[in-house]
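For reference, the structure is listed below as structure tokens.
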Amino acid sequence: MSNKVVVLDFFANWCNPCKRLDPYLKELENKYPSYEFKKIDIEDDKNKDLVEIYGISALPTIVILENSIIKDKIEGFDISKLQMALMLQ
């Protein structure tokens, strides 16, 4: 049985670091095709529960789940930490 890895990208349209992170996330999505990448707009009312569940207090925030368990949470624009976290999954 393979482990399902999901990468949640919490962002807002007004967040400049979130916008700068986008091309890196697209690159990582190509590098890790078996991982599921999801963008979560914190300003969308339907995502309020997710923002609360994952304790989002900074942007951008990346939450990495493996089989629905939080494996890592990266707050802010930190590409090297994100790359390292994905390699360890």
Cluster membership besides Tyr54, Ile/Leu/Val/Met/Phe/Trp/Tyr side chains within less than 4.5 angstrom, sorted by chain and number, is Val6, Leu8, Phe10, Trp14, Ile40, Ile42, Leu50, Val51, Ile53, Ile56, Leu59, Val63, Leu65, Ile70
Rounding to 0.5 Å, atoms NZ (Lys81) and CD1 (Ile79) come to a distance of 12.5 Å
By side chain to side chain donor-acceptor pair (under 3.5 Å), Asp78 pairs with (sequence neighbours left out) Ser80
In short, Cys18 meets Ala12 closest at the heavy-atom pair SG-N, 3.9 Å
Applying salt bridge (charged side-chain N to carboxylate O under 4.0 Å, His left out) to Glu36 and not counting sequence neighbours gives Lys4, Lys38
inquiry  = Could you check whether any side-chain heavy atom of Thr61 comes within less than 4.5 Å of a side-chain heavy atom of Ile74, counting everything from C-beta outward?
reply    = no
Nearest heavy-atom contact between Asn47 and Asp41 is ND2-O, 2.9 Å
Sorted by chain and number, sequence neighbours left out, salt bridge (charged side-chain N to carboxylate O under 4.0 Å, His left out) with Lys39 holds for Asp9, Asp22
Review point. With hydrophobic residues grouped by side-chain heavy-atom distances under 4.5 Å, do Val7 and Met87 end up in a single group?
Key: yes
So CZ of Phe11 and CG of Leu25: to nearest 0.5 Å the spacing works out to 11.0 Å
Inset, instruction - For Lys31, look at atom NZ and say whether over 12 heavy atoms of other residues, nucleotides or ligands are found less than 6.0 Å away. - result: no
(Q) Has Tyr35 got a side-chain atom pairing as donor or acceptor with Leu86's backbone, closer than 3.5 angstrom? (A) yes
Sorted by chain and residue number, the side chain to side chain donor-acceptor pair (under 3.5 Å) partners of Ser34 (sequence neighbours excluded) come out as none
Residues Leu28 and Gln83: closest non-hydrogen pair is CD2-CG, 4.0 Å
Sorted by chain and number, sequence neighbours left out, side chain to side chain donor-acceptor pair (under 3.5 Å) with Glu75 holds for none
* To do: Give the intermediate values and the outcome of side-chain contact (heavy atoms from CB on, under 4.5 Å) for residues Ile62 and Leu21.
  => CA-CA 10 Å; Ile62 304 294; Leu21 185 61; 3.9 Å; yes
Rounded to the nearest 0.5 Å, the NZ atom of Lys19 sits from the CZ atom of Phe77 at a distance of 14.0 Å
